Amino acid sequence: MTPIVTRFPPSPTGYLHIGGARTALFNYLYARQNGGKFILRIEDTDQARSTQEMTDAIIDAMHWLGLDFDEGPYFQSERGDLYNSHVDKLVETGKAYYCSCTPEEVDEMRETARAAGLKPKYNGKCRELGLGPGPGRVVRFKTPLTGKVVFDDTIKGPIAWDVQEMDDFVIRRADGSSIYQMAVVVDDALMGVTHVLRGDDHQNNTPKQILIYEALGFPLPKFGHVPMILGPDKKKMSKRHGATSVMMYKDLGYLPEAMLSYLVRLGWSHGDDELFTMAELLEKFSIEGLGKSASVFDMDKLNWTNSHFIKIGDVPRLANLLDEMIRQNTDFEPAQEYLQAIVPLFQPRAKTLKEMAEQATFFLHDAQSLPYAEAAVTKFLTPETREHLAILAERMEALSAFDHSSLEAMVNAYLEETGLKFKALAQPIRVAITGTTMSPGLFETMEVLGRERTLERFRKALTL
RNA sequence: GUCCCCAUCGUCUAGUGGCCUAGGACGGCGGCCUCUCACGCCGCUAACAGGGGUUCAAACCCCCUUGGGGACGCCA
């Protein structure tokens, strides 16, 4: 059996977007689980719109997701000679020809065809003229006049195209550079790509490319076209849908493993399974599980997926990521140890790292700069509760161990003495140590804060 | 306009002729738990686009309609 080779060929005219990441993932999984090869190829033949910056950004994003490629990146901009020699070969064998029609003339032909209720096409004017190279001349592929191009899409099944739907399309521009259709075929064939898994939007290109494969005598790969990802309005995802680039999600506090798990479930399924790690995907992924219809990107489910991976996340690692998030957005420079104590308190309540950073800010302030919510102070720090807080503070000072169980025991003892319910003191304590009415459990919070900070906050609160 | 593809709860989907009075998950709603907020747990909500066939039997097969998406470049 020939080894499986897949590829991901982004054009560096923008960031790696959600849809691209998903097809890259599918290609990666398919290659890796079969002991094959996954190639990265940068399709930068459109020099005007391609930038090095975008190339780097795309590679960064793939790295973040863990989609490591085995070969590449190749750059199409460096392979022009290769494409040209194949175009020449087609011309020599009579499968392509030079065309001297101007863009304006071709526009007219298309207009005429359209007016006749047909597909806008070039009319083949130069097809039999036997023209040679010359300024302003493009090379066109000589599309067969009759017949059908048939291929078996690994996702959608058999697809047939009447060649009459195609015209003699340009394969080399007047400036001597080759067109996408030519470049992909030459690259995929020469790189030994066996499976082309790509977006739906390329489905219509496939017949043209098959024609080129055949004209060049290359063996055909298997084609599979994965459906699009739509925005909430069921329109093609675009900037107006908010975050569409993968790295934006990193900045928003999403974990790469959550992105992966969510993305793979968008258009793919494995029974009732919902959450996947890369290791599980490598085992369970299959092309048969891919759906045929477009799917809508759903933030709610992404959030749920992310919160799941935060819950089961490795604490030191999450602490590092949280640290990054905090330093990026605030002036705090928390100690790593402190963060590692903080993280577990928020794992069950944060949907994103960004949210975690926000929820955890009360831990980071010193007592003086800690903001106290006015409404919370007036509601819970009453003259009466202040008295209790003062006593509790005294007892905390005397506590031999400052951990959550000692704290709890101490508070319970006090409740018994006074006959108070914990409910009566819980919120006042919370406001005193966090400045707000929402936080993780009180005793855990105080333990993590430590005796010093806790007492400072009690004192501060009593002055408000 | 022409061609191609697609069509199950609001969303992601299971389902490949009988197991379907259609299953799971997210969301929503209600409840339990509870020191707040979450987590967790329990329950509820909600779909086979429509119409024709084929068959003893259709969400599953065929046709039409409708709807959606994509493509028709000297972009990729």
Side-chain angles (χ1 to χ4, degrees), chain A residues 9-13 43-46 48-50 76 99 101-103 106-107 110 113-122 136-140 153 155-157 159-162 164-167 169-175 177-181 183-184 199-207 225 227-228 230 232 234-236 262 265-275 289 291-305 307 311 345-351 359 376 380 408 411 421-431 434 436-443:
Chain A
S11 49
T13 55
E43 307 216 323
D44 56 351
T45 53
D46 184 353
R49 295 194 301 150
S50 301
Q76 288 194 326
C99 167
C101 297
T102 64
V106 177
D107 279 347
R110 283 198 254 265
R114 191 166 203 145
L118 298 170
K119 231 178 202 179
K121 296 196 304 186
Y122 169 70
R137 292 187 182 176
V138 299
V139 174
R140 288 182 181 276
D153 194 289
I155 295 172
K156 309 217 175 184
I159 294 175
W161 265 72
D162 196 316
Q164 299 197 24
E165 293 301 327
M166 292 176 260
D167 63 359
F169 52 96
V170 174
I171 53 178
R172 184 198 284 162
R173 303 179 181 91
D175 69 5
S177 62
S178 293
I179 288 288
Y180 165 75
Q181 311 285 7
V184 236
D200 230 350
D201 45 341
H202 284 287
Q203 193 170 308
N204 305 291
N205 288 328
T206 308
H225 291 94
M228 310 254 79
L230 276 21
K234 302 202 175 190
K235 301 276 182 220
K236 194 172 176 174
Y262 175 71
R265 277 288 287 111
L266 209 50
W268 177 81
S269 62
H270 184 270
D272 285 341
D273 298 348
E274 293 290 347
L275 269 0
K292 297 181 182 184
S293 52
S295 35
V296 174
F297 190 82
D298 180 20
M299 270 303 232
D300 285 329
K301 191 143 186 187
L302 205 215
N303 283 334
W304 172 77
T305 306
S307 64
K311 278 186 202 91
L345 302 191
F346 292 103
Q347 276 178 295
R349 41 198 115 223
K351 287 199 281 288
Q359 292 173 160
F380 293 110
E408 185 163 10
V411 170
K421 293 277 186 209
F422 186 47
K423 250 188 182 354
L425 290 182
Q427 286 302 67
I429 295 175
R430 175 165 282 111
V431 172
T434 71
T436 71
T437 55
M438 295 176 295
S439 82
L442 250 20
F443 303 116

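Below, each value reflects all heavy atoms present in this structure, side chains not excepted, and no hydrogens, waters or symmetry copies. Naming: A, B, ... by sequence-line order, numbering from 1 per chain. Here the structure is a predicted model, which means the values were calculated and not measured.
- OP1 and OP2 of B/rC12 both lie 4.0 Å or more from every side-chain N or O belonging to A/Ser295.
- Along RNA chain B, the nucleotide nearest A/Ile159 and the nucleotide nearest A/Pro9 are compared for position; the residue whose nucleotide lies closer to the 5' end is A/Ile159.
- Between A/Phe443 and A/Phe422, the ring planes lie parallel to each other; the angle is under 30°, not in the 30° to 60° tilted range.
- Residues A/Ala426 and A/Ile155 each lie close to RNA chain B; by heavy-atom proximity, the contact nearer the 5' end of the strand is made by A/Ile155.
- Straight-line distance from the CG atom of A/Asn205 to the P atom of B/rC72: 6 Å, rounded to whole Å.
- The separation between A/Arg110 atom CZ and B/rU2 atom P is 19 Å, rounded to whole Å.
- Taking 4.0 angstrom as the limit, A/Lys301 places none of its side-chain polar atoms (N or O) nearer than this to OP1 or OP2 of B/rU13.
- A close approach under 4.0 Å does not occur between any side-chain nitrogen or oxygen of A/Lys351 and OP1 or OP2 of B/rA38.
- Computed from coordinates, the A/Leu118 CG to B/rC3 C1' distance equals 11 Å when rounded to whole Å.
- When heavy atoms are screened at a 4.0 angstrom cut-off, A/Glu165 is found touching the sugar-phosphate backbone but no base atom.
- A donor-acceptor pair under 3.5 Å is formed between the side chain of A/Asp153 and the backbone N or O of A/His225.
- Figure legend. B/rG17 is base-paired to no nucleotide; pairs are counted as Watson-Crick or G-U wobble with both atom distances under 3.5 Å.
- Results of the side-chain hydrogen bond (donor to acceptor under 3.5 Å, both in side chains) test with A/Tyr180 over A/Gln76, A/Glu43, A/His202 single out A/His202 as the only residue that passes.
- Rounded to an integer number of Å, the gap from CZ of A/Phe443 to P of B/rU34 is 15 Å.
- Residue A/Ser439 has no polar side-chain atom (N or O) positioned under 4.0 Å from OP1 or OP2 of B/rC37.
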